[in-house]
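What follows is a single structure, written as structure tokens, with notes after it.
Numbers restart at 1 for each chain; the letters A, B, ... are given by sequence-line order, proteins then strands. Values reported hereafter were calculated over all heavy atoms of this structure, with side chains retained and with hydrogens, waters and symmetry mates removed.
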Amino acid sequence: MINNDNDTTDLHLGMAEEVSRFTEAWRIFNKNRLALWGLVIFTVFFLVAVSGLVLTVGDNPVLDPAKVRLSEKLLPPVSPVDTEMVKPEDRPFAGIYLLGTDDLGRDVLARMMQGAWVSLTVGFVAVGIAVLIGIIMGGLAGYYGNVRINFMQLLAMAAFFTSMVFLISGQKEMAINFMTASALFVSFSIVYYFVSVKGSGDPGAMRFFFFDTVSVDSLIMRFVDIMLCFPSFFLILTVVAILPASIYNIMIVIGLTGWMGTTRFVRAEFLSLREQDFVSAARAMGIRDMSIIFRHMIPNAIAPVLVSATIGIAGAILTEAGLSFLGFGVPPPHATWGNILSDGKRFLFDAPWLTYIPGLSILVVVLAFNLFGEGLRDALNPRLRKR
Amino acid sequence: MSNSEAILKIKDLKVYFDTDAGVVKSVDGVDLEIKKGTTLGLVGESGCGKSVTCLSIPRLIESPPGRIAGGEIIYKGKNLLELSEKDMQGIRGNDISMIFQEPMTSLNPVFTIGDQIQEVIMLHQHKTSAEARELTLRILKKVGIPSPEIRIDDYPHQMSGGMKQRVIIAMALSCSPDLLIADEPTTALDVTIQVQILDLMRSLQDELGMSILLVTHDLGVVASMASHVAIMYASKIVEYGPVEQIFSNPGHPYTLGLFTSIPVVGRGKRDLYVIPGNVPDPLAFPRGCKFWPRCVFAEDICRSQEPFLENIGEGHTAACHFRGKIDKHLWKEKTNTGSFLNISR
Amino acid sequence: MFSFTVRSFFQKLVTLFFISIISFLVVYLAPGEPSQIDPLNPKFTVEDLQRFRQEFNLDKPLHEQYYLYYKNLFTGQLKSWKDNQPVLGKIYERFKNSLWLFIVGTLITWCLSFPVGIHAAINRGSVFDRTSTFFAYVLISIPSFFFAYILIIFVVKTFNISVIGMQTFGMSGADSIYQIMDRVWHLVIPSILGALGGIALLSRYVRAQMLEVIHQDYIRTARAKGLSEDQVYYKHGFRNALLPFVTMFGLILPGLIGGSVIIESIFAWPGMGRMGYEAILARDYPIILTINFMAAVLVLIGTFISDLLYMVVDPRIRL
């Protein structure tokens, strides 16, 4: 290499300034007007939801979503409260029904505020579950994909799951049988491990039971394929309808049926990251797998996950609304935008605001999430950036 | 050779790209001339604007973001920039053909190579498909594809990179163009295949008498192919001239740097010269001569005034304040290398 | 090619086995007795319950129930709990109705999405592109039943015709031409509604694919040949952009069931989606189970078909 005795600072005069990944992404995002609006509405919705939570809880909330005033039913928006019929403690905030009342005389504003928080929670928790499962499954498939599962491990797993199934269905005897079998297979594996790997002895005929079967990757991805075969909305509807009505069941079921996309993203991302030099370097230095995964790979794989999570929240809010419409949504006393909307359908002609207010709110918020998510995708995806 | 007429003249060509960060002047006032039946080598580092120059000749700059902001491209007396899109389509593939850098992706994967070559012939020569197939077979044979009768129905993915580049050459030559623009035709290929492709191009040029604009960053390729060389740096031509002159008497420190940075067997790794610094960001070119931050000879005048192309020999121009007066001993001293004349034809 | 087909077929069979298990477990593992069809019905005595359990094998262990269920399904002996009719026959009746909605909806979706998507991609950043993008997002984001109501009100108020059900009540005496027109009206509105979401998604996807393709090197090659813009886009671009949609063609089959629950409920359309919904309300497990299973099988068949189609369309996959 030649030593260059010129002033080295000169060399950088004409060079591009180093721009951080975040600044660059923000610059792209900032140019996308729709996405920017999405972010604004997203923020407003978040604030509304939080203030909805604050204002509607407690014994004597500022906005009482549950207060029934039968004399004041189906009032259009911006109606003043009838001070003669309604006791002072039952009156809405500021004495006015800003968004009207429903068929039981409940304040729609208060219900919308409460519903914002509940809808947001349903979306976040459901997607949180989906993303968590997705990252774990995708990470396993992407990082340990080449590991092959031997026959005995496969048997042990199958026995374990069968046992679980019998346990849930209430057939204890069968459950115990299969659990014993599973335990046997596991202990057999442990013995084999000590004989052949640690003890370097000859496993002999035992080897027959430990031939390699499928890889971790194909096991997980085939499971993803199977799950993708089911029509998601009908499956969710089936399970939610069979289970006792509860907001938690809805979150869990939506989450459990929505993890496949994230799994695919994370797997693909991990597969390409694994081949990159900084990961190889980390591995060559003897850094433990777990710390490679958490320090190096997950932070790099998180961008597509964030995007799909944002869009997933929008989907979950819509799914909840659909379930509400069919009568299997979040049960009372929780108000959600979905059940306000589906309750309103009976008064479509008498009280159209009961349909339009929640309907348009859902539209705007879901739209905001979708636009924000797509904007995020464009900003974070360097491949599209060049265009 | 010098008195034969020019088939292509580029005058003061400017190609700008409108990006988020500002206007990128990829080509900023380029003049070039290609004489009939000769080869012009266009040399420069990646990102200097040589590919953009090529693409702008048949007007293939994607717009937006790119646009041709000024200048003239005169082909056989006609300014291509003033032609209608329809007339231009009649010239592309017929009079002016292109060979691209990436043979792997430049062929459409869903059509057979035969279909893709016949398409050009049928388009420009108004032949029936049977006649076009006949011509296609002939041209495939000419570019050295073994058993063309079988290969003609192959899809691109069934061929190797070298074979694909031959197909692309066949496609480019199928209408006997007068000008062939070859944008780094061998960069993506193995060294042995590179030689074959270059030999092929040379023999086809002798046979068909076409002119070639050969873009490359490989000076060896230029030495073996070109009669004239243009050196491009930071959107401009910094040196232009007959290949012998440029190789024997480089007039721009950048050209010198390019020659010196070629490794020579037996000279040892210690001496390998690297031009210091990087290609400047086209959004923030330095004032004055664009090369001064990397130039060992830079003086005050270089930092304030931009040099223009001026004659330093017969048909040999360079854009440097010290054109033609570069002290070779000083160069050796400053760069700690042996002779810079390590390339001979 | 033959070995690929056989291998793919056996893979699908294995998948089918797991699907059968999962769809069985999803329904049967739920807490609560499936036999509590109508616990409020006073005529439903303990003896009835016992007889019911026996008749539908609910007293047997789970794996035997699984075996009996699929045996009955494949031999056509599976009966609905609600009215004791064979499940397959009931589903076939409803399937015929759903098929109409499905065909019209799919035609609308595919005929609209491609022109819109391609046009938007070619004129990227134009007013058309931006408007269609925005409307696509609106369509994806709107709750389908909310939109359905708006549309119904609009149609009923503007054209003064009814759109609920498969035909207007009391039309049987009218001229056959009126009857046919009436049927068409009743078919088109729910089809459009069912198709809107698909149009939005598909046109976005077409646009993305087309954008991807028109930045490829071979498009530049096609231009350098001197082809006109139309030839470049529609001959060289479109063929390549089309490839991924062969896969989607296989994936639209399951839309027959999954996508139609809400639309069929709103329009009182006696199709499979509505049937599934009614079965869920009545806890009619054999029907729920069969519909879930059939939907999954349709996906499998669809992916199998698209695997085969892909081999035909994409020369690179010919094995």
Are the charged groups of C/Glu278 and C/Arg94 less than 4.0 angstrom apart, N to O?
yes
Among A/Val366, A/Val364, A/Val239, which has the most heavy-atom pairs under 4.5 Å with chain C?
A/Val366
Looking at A/Val253, is its backbone amide N or carbonyl O close enough to the side chain of A/Thr257 to form a donor-acceptor pair, meaning the two atoms are under 3.5 Å apart?
yes
In terms of heavy-atom pairs under 4.5 Å with chain C, which of A/Thr319, A/Ile362, A/Leu341 leads?
A/Leu341
Honestly, the part of A/Ile317 sitting under 4.5 Å from a heavy atom of chain C is neither
Give, as side chain, backbone, both or neither, the part of C/Ser144 having an atom under 4.5 angstrom from any heavy atom of chain A.
neither
Please check if the distance between the ring centroids of A/Phe42 and A/Trp37 is under 6.0 Å.
no
Evaluate A/Ser215 against A/Ser218 for side-chain hydrogen bond (donor to acceptor under 3.5 Å, both in side chains), listing each step before the verdict.
CA-CA 5 Å; A/Ser215 64; A/Ser218 51; 3.1 Å; yes
Choice from A/Glu374, A/Arg222, A/Met174 maximising heavy atom contacts with chain C below 4.5 Å
A/Glu374
Backbone N or O of A/Ile340 within a donor-acceptor pair of the A/Asp343 side chain at under 3.5 Å?
no
Is the Lys NZ or Arg CZ of A/Lys345 less than 6.0 Å from the centre of C/Phe145's six-membered ring, within 45° of the axis?
no
Chain A: which of C/Ile266, C/Ile280, C/Val138 shares the most heavy-atom pairs with it under 4.5 Å?
C/Ile280
Residues from residues 11-21 of chain C approaching chain A under 4.5 Å (heavy atoms)
C/Thr15, C/Phe18, C/Ile19
Answer yes or no: is there an ion pair linking A/Asp225 with A/Arg264, defined by an N-O contact shorter than 4.0 Å?
yes
Measuring heavy-atom distances to chain C, does A/Phe369 have an atom under 4.5 Å in its side chain, in its backbone, in both, or in neither?
neither
The test is side-chain hydrogen bond (donor to acceptor under 3.5 Å, both in side chains); show your working for A/Glu320 and A/Ser119 and say whether it passes.
CA-CA 8 Å; A/Glu320 194 278 324; A/Ser119 295; 4.7 Å; no
Ring centres under 6.0 angstrom apart (C/Tyr277, A/Phe234)
no
For a side-chain contact (heavy atoms from CB on, under 4.5 Å) check, start with the C-alpha distance between C/Arg220 and C/His215, then their side-chain angles and the critical distance, and finish with the verdict.
CA-CA 8 Å; C/Arg220 196 178 54 189; C/His215 286 89; over 6 Å; no
For the interface with chain C, which of A/Leu34, A/Leu235, A/Thr162 has the highest count of heavy-atom pairs at distances below 4.5 Å?
A/Leu235
Using heavy-atom distances under 4.5 Å, tell me whether A/Ala314 contacts chain C through its side chain, its backbone, both, or neither.
neither
Suppose we call two aromatic rings close when their centres sit under 6.0 Å apart. Are C/Phe102 and C/Trp269 close by that rule?
no
Residue among C/Tyr149, C/Phe147, C/Phe134 with most heavy-atom pairs under 4.5 Å to chain A
C/Tyr149
